[in-house]
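Presented below is the structure to which this report refers.
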Amino acid sequence: MRYFLISYFIRKKTIIALFFFCITSRIITSIYYIEDIDSLRFALSAIEFNILDSRPHFPGYAIFCFFLQIIYFFVQNIGLTFSLIGGFSIFLIIVFFKKILQELKIVDTFYFTILLVFNPLLWLMSNRYMPDTMGLAFLVISLYFLIKILRHHEKRDYIFLGISLALLAGIRLSFMPFFLPVIYLIYNKKLIYTVGFFFLGVLFWLLPLVYITGYDNLLNIFLNDFNGHFFKWGGTVLSSNSSYIDRLIKFFEFTFVDGFSFWSVDRNFLTILNSIFLSLVTIIFIFNKRKSFSLIIRKECIIILLCYLSYFLWIYFFQNINYKSRHIIPFIPLVTIVFSLSILNLNLKKMINKIFIFVGIFIYMYITIHLTFQHKNPSSISQISSLIVNSENDKIVVFSDGLKLFYWSKLVPDKKVEFVNSQKINTNTITEYYNSDYTILSTTRLYPLENTNYQKFDFYHNPFVNRLWSHLIIYRYE
């Protein structure tokens, strides 16, 4: 038995090393603060699951929260819990996408692994208190079984596809439109296995969710959030003022600037070098392959492209791609294939090419590591929490919008702080607080107090670490 285990570990040493690197690297870069409103909801759900109290918000992410609470029970640390989930998810993403490359007979390169392990957005998301990397892992797993079905038509793959899709629905429901092209299999009799196991799998987590929340409560939350997401505050084409062109620009900006550390205004000069490196190797690759390129249309490739098109249309019209780059992460492994093949295309027998690749990869890795350690510093809204907590006056009132007040009210429980929605205050209310010797903190100027002394505090974090509220201002009147 001992020799069997030794032999197994020797044969699997690369995959084992990858696993430990994914886990330990994410543990080292764990964050120990709540960086935004969405992260707050998932952090609270690790302690107590309650959709009625936005722990987390609808649709509940039941499967994710199930694993989250189990790991948190043993670890008893929010930051480490999410990093363990994130690190393991990154490992699954790499392993199963490499399996996809093998199925499609695409060259699996060392560069693909390096670019994906050190991908800046995936690394940041694997430390954030969010389910996105775990959702991407099960999206990739589901895609793998879909490709196996298209190539081999084995019954077990239909079953595995149904199970993995059911788990994906309970982890990251908004990734499900990716698999709308599965309808291609509708005339395949074996699809009944996928459908059957999918519904059984969904019932496995949906029935406990209904029991815990209550059918009427769950229905009311669904109707409220459906209406809100699509028509009021969800950042869709129906609820935002951004133009169609702006949304398209944001998609490409998030994919390359956030996703691969391309240069943008106010970014470090190293991102210019990184942009040149990845762009140049891709241009050379396209130029070299333009004559030898032959279009081979395989049904699995068409279905994969339709899956990506389906997901693109979903996020373009119905997700907030103006402010949240995390919605584009399913495209990252696909783009990584292009970059890795482009690097492999260079003639590695030439020393100048080796040096060029080494320097380019080093810069790419350095930028990612730099971002992940910047991520350990509190976000703007988290810094304001510290300001509120450290205020000396026992009588404090905070004026802001509902989302920020929800955040601070959950993180400042022990202070005698009143939280007042700035949209519901009037001149009399403001002057009454001021005359009652309250310390007033507000995210906007209070013009009824414009003739009084005030202090202005600016709070920043790197927007390429987290796009949300990267610069906030607090006005203090006392």
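Note that the structure is a prediction, hence the values are computed from the model and not measured.
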Look at E103 together with K148 and state whether they make a salt bridge at an N to O cut-off of under 4.0 Å.
no
Any ion pair linking K376 and E35 (charged N to carboxylate O, less than 4.0 Å)?
no
Please verify the inter-ring angle class for F252 with F256; under 30° counts as parallel, over 60° as perpendicular, anything in between as tilted.
parallel
Given the ring of F457, does R476 sit roughly above its face, with NZ or CZ under 6.0 Å from the centre of the six-membered ring and within 45° of the axis?
no
Taking NZ, NE, NH1 and NH2 as the nitrogens, is one of them in R128 or D38 under 4.0 Å from a carboxylate oxygen of the other?
no
In terms of ring plane angle, is the pair F21 and W123 parallel, tilted or perpendicular, where the classes change at 30° and 60°?
perpendicular
Parallel under 30°, tilted from 30 to 60°, perpendicular over 60°: which one fits the rings of Y477 and Y454?
tilted
Hey, are K395 and D437 close enough for a salt bridge, meaning a charged N less than 4.0 Å from a carboxylate O?
no
Atom pairs and distances, donor-acceptor, side-chain atoms in residues 208-225, under 3.5 Å, two or more places apart:
residue: T213; atom: OG1; partner: L209; partner atom: O; Å: 3.0
residue: N217; atom: ND2; partner: T213; partner atom: O; Å: 3.0
residue: N220; atom: ND2; partner: D216; partner atom: O; Å: 3.1

Considering non-hydrogen atoms only, spot the tightest contact between Q319 and S174 and give its length.
NE2-CB, 3.7 Å
Y438 and E432: side chain donor to acceptor below 3.5 Å:
no
Within the 3.5 Å criterion, strictly below it, is a donor on T271 or N274 matched to an acceptor on the partner's side chain?
no
Answer yes when R326 and D258 have at least one side-chain N-carboxylate O distance shorter than 4.0 Å, and no when they do not.
no
Do NZ/NE/NH1/NH2 and the carboxylate oxygens of R41 and D53 come within less than 4.0 Å?
no
